[in-house]
Amino acid sequence: MKEDIQKAMEVMAAGGIILYPTDTIWGIGCDATNEEAVRKIYELKKRSDSKALIVLTDNPVKLEYYLSDVPSLAYDLIDASEDKPLTIIYDNARNLAPNLIAEDGSIAIRITSEKFSQELCRRFRKAIVSTSANVSGESSPSNFTEVSETIKNGVDYIVNYRQQDTFKAKASSILKLSNNGEIKIIRE
């Protein structure tokens, strides 16, 4: 795992994109502050950049760096979601690549607790893009064996860790949390 983390960090620091395991499904990732790297992911997925991507970080404290205002309810929701990964869409994103932020200024962030992605985020010291490892319109791969050759050939580095896992991972729940405390369920 250590070698994979080191190589993934080197690739992302150089503006490359990686294929890696997360707390949900396999993801395509890059430095979430690098606009050119984010553009490469949109091109690989054949996805419009008007559809924002999710970012991962390893600690709720880091939300304050990427959001101009963190609703206090966010921390309660994160604490309560220990049994299932939770992605929260927040208002007023900042300090991220402009093409990563939605047109309304929002960003989807998930605090990962999975061993590899959490350590990668911690050591990289920046948020990391985490979008499903599929071309837009195709089904999301629930494990590495379901990742298409198009995706595998389009990334700069493929993490070896957890490639043999055969369990069917699921996507996270998604909530939109407005600064006024309003919650909207996007995906359960």
Any idea which heavy atoms bring [X] and [Y] closest together, and the distance?
| X | Y | answer |
| --- | --- | --- |
| C121 | T57 | SG-CA, 3.9 Å |
| P71 | D69 | CD-O, 3.6 Å |
| K62 | D58 | NZ-OD1, 2.6 Å |
| L63 | Y75 | CD1-CE2, 4.2 Å |
| G27 | T22 | N-CG2, 4.2 Å |
| S117 | P21 | CB-O, 3.8 Å |

With a 6.0 Å cut-off (strictly less than), is the heavy-atom count around CZ of R187, excluding the residue itself, greater than 12?
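Count over threshold, so yes.
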
Take atom NZ in K115; do more than 12 heavy atoms of anything else shown fall under 6.0 Å from it?
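Atom NZ in K115 is not crowded, with 12 or fewer foreign heavy atoms closer than 6.0 Å.
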
Quick check: does any side chain N or O of [X] sit under 3.5 Å from a backbone N or O of [Y], one acting as donor and the other as acceptor?
| X | Y | value |
| --- | --- | --- |
| K40 | G15 | yes |
| R94 | Y65 | yes |
| D91 | S178 | no |
| N180 | E182 | yes |
| K176 | I183 | no |
| R110 | S173 | no |

To the closest 0.5 Å, what do you measure between [atom1] ([X]) and [atom2] ([Y])?
| X | Y | atom1 | atom2 | answer |
| --- | --- | --- | --- | --- |
| I88 | S106 | CD1 | OG | 13.0 Å |
| N134 | S140 | CG | OG | 4.0 Å |
| I89 | K184 | CD1 | NZ | 9.0 Å |
| I78 | I109 | CD1 | CD1 | 8.5 Å |
| L100 | C30 | CG | SG | 7.5 Å |
| Y90 | L175 | OH | CG | 9.0 Å |

For D76 and L73, run side-chain contact (heavy atoms from CB on, under 4.5 Å): C-alpha distance rounded to whole Å, both residues' side-chain angles, the deciding distance at 0.1 Å, then the answer.
CA-CA 5 Å; D76 295 333; L73 181 57; 4.3 Å; yes

Do any pairs count as a salt bridge (charged side-chain N to carboxylate O under 4.0 Å, His left out) and have a residue in residues 145-160, sequence neighbours left out, and if so which ones?
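Every pair satisfying salt bridge (charged side-chain N to carboxylate O under 4.0 Å, His left out) with a residue in residues 145-160: E146-K168, E149-K152.
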
Any link between [X] and [Y] through a network of hydrophobic side chains (Ile, Leu, Val, Met, Phe, Trp, Tyr) touching at under 4.5 Å?
| X | Y | value |
| --- | --- | --- |
| V61 | V70 | no |
| I25 | I41 | no |
| I54 | I186 | no |
| I174 | L77 | no |

With a 3.5 Å cut-off and no angle check, do the side chains of T24 and S172 form a donor-acceptor pair?
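No pair is found: no donor N or O on one side chain lies under 3.5 Å from an acceptor on the other.
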
Mind checking whether R47 and L53 have side chains closer than 4.5 Å, heavy atoms only?
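Contact flag for R47/L53 side chains = yes.
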
Does any non-hydrogen side-chain atom of T145 lie less than 4.5 Å from one of T166?
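T166 vs T145: side chains apart.
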
Of the options I101, N34, V38, which is the one that meets L96 in a side chain to side chain contact (heavy atoms under 4.5 Å, CB included)?
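Looking at I101, N34, V38, the match for L96 under the side chain to side chain contact (heavy atoms under 4.5 Å, CB included) is I101.
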
Side-chain cluster (under 4.5 Å, hydrophobic types only) that Y161 belongs to, other residues
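So far as hydrophobic clustering goes, Y161 is joined with M1, I5, M9, V11, M12, I18, Y20, L56, F116, L120, F124, I128, Y157, V159.
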
Could you give me the CA-CA distance, side-chain angles and deciding distance for L19 and W26, then say whether side-chain contact (heavy atoms from CB on, under 4.5 Å) is met?
CA-CA 7 Å; L19 177 61; W26 274 72; 3.9 Å; yes

